[in-house]
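Heads up: the structure comes next, in structure tokens.
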Number of protein chains: 2
Amino acid sequence: MAQMTIDTPTRSEMTEARIIAAARRLFVTRNYADVTTGMITEEAGVTKGGLYHHFPSKERLYVTMMLRDLEGKRRMFSRAVEMEGTCRERLARITRDFLELPEEDRELTRLVRRDINIFTDPERDKLVRAYQRALPDLIERIVTDGIAHGELRPGNPRILSWSFVALVEVVIGEYAREALGDSDARLGHVLDLFFHGAAA
Amino acid sequence: MAQMTIDTPTRSEMTEARIIAAARRLFVTRNYADVTTGMITEEAGVTKGGLYHHFPSKERLYVTMMLRDLEGKRRMFSRAVEMEGTCRERLARITRDFLELPEEDRELTRLVRRDINIFTDPERDKLVRAYQRALPDLIERIVTDGIAHGELRPGNPRILSWSFVALVEVVIGEYAREALGDSDARLGHVLDLFFHGAAA
DNA sequence: AAGCAAACCGACCGTCCGGTCTGTTAGGAA
DNA sequence: TTCCTAACAGACCGGACGGTCGGTTTGCTT
């Protein structure tokens, strides 16, 4: 019973995974409202009946998919928080982890901020909290340590971590890759700008 | 004929303005798909017939509303570009102009980035270009001057201007107001972070 | 006052979409 | 093999939404 989750998945688990994977692919490229359940079932190779056997509604499917992804990201990014090293080294680690994610996984992070307003408060709150736990909270802990150790100027750690996330988001996308180069170059740019600013 | 636009507006122009104002109010708070034409007509005090007499579709209404707003912003922000002074002073001016805008006007700027993916390329391109002209292009010109005059380190001006916009967006919203204080404090925070970074 | 075009009304239509429901199939237990 | 439940199929429904269209009002011209 306890080990059932680690051996071969059941048929039910496999179709559920197929549905979630299809939903991920579609929600990344199109708006929530523009992704129909018909598109999801077609992409997943099931029918309406199959989908609604596993998920009670389109909204729950979306939320489940997102929460599962964010929990995975949280576990991954937590390694950078628990790592030894300077504030800059730890921020570099978490940013590199993020930049080297597959594009679909990166884009998914933007969905939370994009679609957060279309849900009402029981589900909305879950999504916000899961996102906070997965990324901003972790960065905030690194930033707080940085301030405590004198590496960063005193200031509001939450605002600083949001600022850092915002700077990272800038170097995602096609133009930044052309202008700055590979992951290392973009990573260096973000860190230099965040730590030392743009002044000469 | 040529001066007709500056004296008392016609009935047609007034209802058109009412419709656009209603659409603005609604689109800021709700998703594009979640704002129905019925809600717009109710808010504007007209009926479906009235709305579709002035606009051929919901999409065109949205685009017209947005383009009109962005053109106004472009004219306003252009004053900071044409102003004399250091790079920091000019960036301060444009940022202050932005921060002191009514909340609805500020939020509207975020709509472009939020809803840009739901339109297809003839209209989508118009929106992107109008937004570029209204804000990032102007900041890029200031940043380019700053690099030329030795105030900023050499670097890609477009990436830098996007970074600046991203930092400004962080200090919008309720939490930043509580944590940092009034417009002046938030403005100072953004400028300090952009010019000198967060390092001690 | 008559005429006329623009402005506006609001019932209506076609479509589409989330969700339901009845039925069928697979697959393990006995 | 038998049987029973979970898994899935797919036709169908209710409703909402964008857009239409024939008719009515408004206000300017002559």
Side-chain angles (χ1 to χ4, degrees), chain A residues 1 3-5 7-27 29-66 115 118-120 122-124, chain B residues 1 3-5 7-27 29-66 115 118-120 122-124:
Chain A
M1 180 64 176
Q3 72 183 34
M4 209 174 75
T5 48
D7 54 25
T8 55
T10 64
R11 177 162 74 125
S12 182
E13 285 167 345
M14 288 196 62
T15 48
E16 194 176 307
R18 282 216 319 280
I19 292 170
I20 284 189
R24 269 180 60 122
R25 257 171 271 141
L26 290 165
F27 282 129
T29 53
R30 307 170 95 97
N31 201 319
Y32 175 80
D34 289 346
V35 174
T36 70
T37 55
M39 293 165 62
I40 298 174
T41 55
E42 191 185 9
E43 180 89 3
V46 291
T47 60
K48 285 270 189 79
L51 193 155
Y52 279 89
H53 176 74
H54 290 282
F55 302 95
S57 68
K58 180 186 171 185
E59 181 178 315
R60 282 279 189 83
L61 165 58
Y62 180 96
V63 172
T64 302
M65 177 270 288
M66 192 62 89
D115 294 336
I118 64 184
F119 300 110
T120 50
E123 309 294 339
R124 191 190 125 100
Chain B
M1 181 63 176
Q3 73 183 34
M4 209 173 74
T5 48
D7 54 25
T8 56
T10 65
R11 175 161 77 123
S12 181
E13 285 167 345
M14 288 194 63
T15 49
E16 194 176 307
R18 281 214 321 280
I19 293 170
I20 285 189
R24 271 179 60 122
R25 257 171 271 142
L26 291 166
F27 282 128
T29 53
R30 306 170 96 98
N31 202 317
Y32 176 79
D34 289 347
V35 175
T36 70
T37 55
M39 292 164 62
I40 298 174
T41 56
E42 191 185 8
E43 179 89 4
V46 291
T47 60
K48 286 270 190 77
L51 192 154
Y52 280 88
H53 176 73
H54 290 282
F55 302 95
S57 69
K58 180 186 171 186
E59 180 178 315
R60 281 280 189 82
L61 164 58
Y62 180 96
V63 172
T64 302
M65 178 270 288
M66 192 63 87
D115 294 335
I118 64 183
F119 300 110
T120 50
E123 308 295 337
R124 192 189 124 99

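Chain letters run A, B, ... following the sequence lines, proteins first, then strands; residues in each count from 1.
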Just N and O in the side chain of A:T15: are any of them under 4.0 Å from OP1 or OP2 of D:dC8?
yes
In whole angstrom, what separates B:Y32's OH from D:dG18's C1'?
9 Å
OP1 or OP2 of C:dG10 less than 4.0 angstrom from a side-chain nitrogen or oxygen of B:T47, does that happen here?
no
Length of the line joining B:D34:CG and C:dC17:C1', which is rounded to integer Å
14 Å
What is the distance from CD of B:E59 to C1' of D:dC17, rounded to the nearest Å?
16 Å
Rounded distance in Å - OH (A:Y52) to P (D:dA11):
17 Å
Between B:Y62 and B:D115, is any side-chain donor less than 3.5 angstrom from a side-chain acceptor?
yes
Output yes when a side-chain donor or acceptor of B:R18 lies under 3.5 Å from a complementary backbone atom of B:A44, and no otherwise.
yes
How close or far is atom C1' of C:dA7 from atom CD of B:E13, stated in whole angstroms?
13 Å
Just compare D:dA6, C:dG18, C:dC8 and give me whichever is closest to any side-chain atom of A:H53.
D:dA6
For side chain to side chain contact (heavy atoms under 4.5 Å, CB included), just list the numbers for B:I40 and B:L61, CA-CA rounded to whole Å, side-chain angles, deciding distance to a tenth of an Å, and then say yes or no.
CA-CA 10 Å; B:I40 298 174; B:L61 164 58; 3.9 Å; yes
Separation of C:dC8 atom P from B:F55 atom CZ, nearest Å, is 11 Å
Assess whether side chain to side chain contact (heavy atoms under 4.5 Å, CB included) is satisfied between B:L51 and B:K48, documenting all intermediate values.
CA-CA 5 Å; B:L51 192 154; B:K48 286 270 190 77; 5.8 Å; no
Side chain to side chain contact (heavy atoms under 4.5 Å, CB included) evaluation trace for A:V46 with A:T41
CA-CA 5 Å; A:V46 291; A:T41 55; 4.3 Å; yes
With respect to the phosphate group of D:dA7, does any side-chain polar atom (N or O) of A:S12 fall under 4.0 Å of OP1 or OP2?
yes
Please tell me if B:K48 has a side-chain N or O lying less than 4.0 Å from either OP1 or OP2 of C:dG10.
no
Earlier contact from the 5' end, DNA chain C, for B:G49 and A:T36
B:G49
Whole-Å gap separating P (C:dC17) and CG (A:L26):
13 Å
Atom-pair distance (CE on A:M14; P on D:dC8), nearest Å
10 Å
